[in-house]
Amino acid sequence: MTNQQDSMHACPACGLLCDDISGDAIARQQFSCGKAAKFYARVSTGAQPQIAGRAASLTDAVAAAVAVLKQANTPLVAGSSTDVHGARALVRLAQHTGAAMTHMNASSTLRNMKVLQHRGWQTTTLTEVRNRADVILMIGTDVVTHNTRFFDRVVWVDDAMFTDPAARKIIYLGGDKLSTKPGISPDGRAPEVIACAAEHLPEVVATLRALVMDKPVTVASVAGIAVSTLKTLADTLKAAKYATLVWVSKDLHYDHAELTIENITETVVALNQKSRAMGLSMGGSDGDTSVNYAHTWLNGVIIDAPEWESHDAVVWVNSYSPDAMPPAGTGPVIVLGAPDSQFDVTPAVFIPVATPGLDCNGQQFRVDGSVTLPLTAAKPSDLPTLSQVVALIEAQLQGDLA
């Protein structure tokens, strides 16, 4: 029998899925990542189903949820903060009830998906960056706000197959309130920072693309950045053995941000005409990568962003973000969520479900989409899984239960 404290866990607190978290570290609450510390400190005991804020049995709560769904004409499955197994269950529920389905991160995910659908892209994996990248350009992001251990796990590593990790050149291009300290090399070399507000990135990135393509740029500066600075950056990318252009769609929070992402990915295409470069989309939270993949392979389409006002009932799933709830005024709401869920408005029905990686086992896609990793229950509980609760709801909807 494996000692629970000797086992290693993949942490689902962000899209990196760091798989070096020991049971002993969890028991002692010793982490180098604040997101992991917050995730593993959560308590799952004491929660029970509720109907309109009053304690109820699981059977009665399921019956109440079924009653809401039967009365709904245009239900919506939303939040969808879960793992692969939970996502598959939600797709089945949506198909059974005729509901639309979305994710709490759908708006930012769509920025990437629009580019992938329209133009395609050339992207890489965390392992390839770790082993090959010699120049890493972060565009509009510091990454660590979303993926705390990015530099620890991918950049400043002890060894790499095809490059010297300590010699990597780190460049930040634009963004708001960036934490650039992690970009300092092990020998104390500071990263290059080319500053501009995130809202000015569209013209800056477009100019960089033009310079990489050797197109003439006649102005002296763009958004306060000297064109000569951008020309030097373009030359650095061209000279790299393996340039990696990194972005986080959540950090590009302005209208038509997908056009900026397209300019990033098309810059990669231009660089690959004579050298080697790849894109890397980071971020990933609340299982959004897993849910989008599962939805796409089961339905043939990507997850879309909802028009909340057009739906008359919402099934809200928030396994990883207990404080996340649908917009105010949405209702009635059925919450199949974390036992520590927090409500500003009491939902019609609340059924606590196990959180993958904390209360139960699960499976998650890493943010780069290249691998799935098993999630091992760090604090096994007797809470039902999302799949089990959805199965109970479906059975009643089908009339298999009294």
Side-chain angles (χ1 to χ4, degrees), residues 7-42 83 105 123-133 136-161 163 165-166 168-172 175 177-191 244-251 278 280-290 320-321 355-358 362 364-376 378:
S7 61
M8 304 301 286
H9 297 255
C11 172
C14 85
L16 280 180
L17 295 183
C18 297
D19 57 355
D20 61 348
I21 310 297
S22 70
D24 183 64
I26 294 171
R28 295 174 179 270
Q29 283 291 293
Q30 294 179 339
F31 305 98
S32 60
C33 169
K35 290 179 182 289
K38 183 178 180 180
F39 176 75
Y40 288 113
R42 288 169 54 184
D83 71 335
N105 296 339
T123 55
T124 188
T125 67
L126 297 177
T127 303
E128 282 289 278
V129 174
R130 175 189 174 110
N131 282 321
R132 296 181 182 275
I136 299 177
L137 173 63
M138 315 249 250
I139 302 175
T141 187
D142 57 21
V143 179
V144 295
T145 299
H146 305 276
N147 308 115
T148 307
R149 298 183 64 199
F150 174 71
F151 284 88
D152 173 33
R153 298 278 291 171
V154 180
V155 182
W156 306 131
V157 294
D158 292 334
D159 56 76
M161 293 179 67
T163 192
R168 286 179 166 134
K169 184 174 182 61
I170 307 299
I171 308 168
Y172 296 87
K177 299 179 180 179
L178 300 185
S179 173
T180 60
K181 185 177 179 180
I184 299 174
S185 69
D187 61 5
R189 226 173 355 98
T244 304
L245 280 63
V246 183
W247 74 95
V248 175
S249 61
K250 274 189 175 182
D251 287 336
M278 284 290 167
L280 180 66
S281 174
M282 292 299 295
S285 59
D286 290 289
D288 52 9
T289 304
S290 299
Y320 295 118
S321 293
T355 296
L358 188 67
Q364 201 78 280
F365 273 93
R366 200 170 64 187
V367 65
D368 57 354
S370 61
V371 297
T372 57
L373 291 174
L375 305 178
T376 305

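For the single chain, residues carry numbers from 1 onward in sequence order.
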Is there a side-chain hydrogen bond (donor to acceptor under 3.5 Å, both in side chains) between Ser179 and Asp142? Walk through the geometry before answering.
CA-CA 6 Å; Ser179 173; Asp142 57 21; 4.7 Å; no
Steps toward side-chain hydrogen bond (donor to acceptor under 3.5 Å, both in side chains) verdict (Ser285, Lys250)
CA-CA 10 Å; Ser285 59; Lys250 274 189 175 182; 3.1 Å; yes
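- Interatomic distance, CZ of Arg189 versus CD1 of Ile184, reported as 11.0 Å (0.5 Å rounding).
- If you take NZ on Lys35 and CG on Asn147, they are separated by 8.0 Å, rounding to the nearest 0.5 Å.
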Test side-chain hydrogen bond (donor to acceptor under 3.5 Å, both in side chains) applied to Ser370 and Asp368, step by step
CA-CA 6 Å; Ser370 61; Asp368 57 354; 3.1 Å; yes
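- A search for ring-ring contact (aromatic ring centres under 6.0 Å, His included) contacts involving Phe31 returns Tyr40, not counting sequence neighbours.
- Residues Leu17 and Cys11 are not in side-chain contact: their nearest non-hydrogen atoms beyond the backbone lie 4.5 Å or more apart.
- Listed for the Ser22 side chain is a donor-acceptor partner under 3.5 Å among the backbone atoms of Ala25.
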Please lay out, stage by stage, how Thr289 and Arg366 fare under the test side chain to side chain contact (heavy atoms under 4.5 Å, CB included).
CA-CA 7 Å; Thr289 304; Arg366 200 170 64 187; over 6 Å; no
Assess whether side chain to side chain contact (heavy atoms under 4.5 Å, CB included) is satisfied between Val248 and Met138, documenting all intermediate values.
CA-CA 9 Å; Val248 175; Met138 315 249 250; over 6 Å; no
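- When atom types are taken as modelled, the side chain of Thr141 and the backbone of Trp247 share no donor-acceptor pair closer than 3.5 angstrom.
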Worked check of side chain to side chain contact (heavy atoms under 4.5 Å, CB included) between Gln364 and Leu373
CA-CA 6 Å; Gln364 201 78 280; Leu373 291 174; 5.8 Å; no
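- Checking side-chain atoms of His9 against main-chain N and O of Ile21 turns up no donor-acceptor pair under 3.5 Å.
- To the nearest 0.5 angstrom, Asp286 atom CG is 11.0 Å from Cys14 atom SG.
- Side-chain contact between Thr125 and Val371: absent, with no pair of heavy atoms (C-beta onward) separated by less than 4.5 Å.
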Evaluation steps, salt bridge (Lys or Arg N to Asp or Glu O under 4.0 Å), between Arg153 and Asp19:
CA-CA 10 Å; Arg153 298 278 291 171; Asp19 57 355; 2.8 Å; yes
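- Between the side chain of Arg168 and the main chain of Trp156, no donor-acceptor pair closer than 3.5 Å is present.
- Residues Asp20 and Arg149 form a side-chain contact, since some pair of their non-hydrogen atoms from C-beta on lies under 4.5 Å apart.
- Leu280 CG to Thr123 OG1: the interatomic distance, rounded to the nearest 0.5 Å, is 8.0 Å.
- Annotation for Asp158: atom CG does not count as buried by contact number, only 12 or fewer foreign heavy atoms lying within 6.0 Å.
- Asp83 and Ser290 get closest at one heavy-atom pair: C-CB, 4.5 Å.
- Judged by distance alone, the side chain of Asn131 and the main-chain N or O of Ala160 form no donor-acceptor pair under 3.5 Å.
- With rounding to the nearest 0.5 Å, the separation of CG in Asp152 from SG in Cys18 is 7.5 Å.
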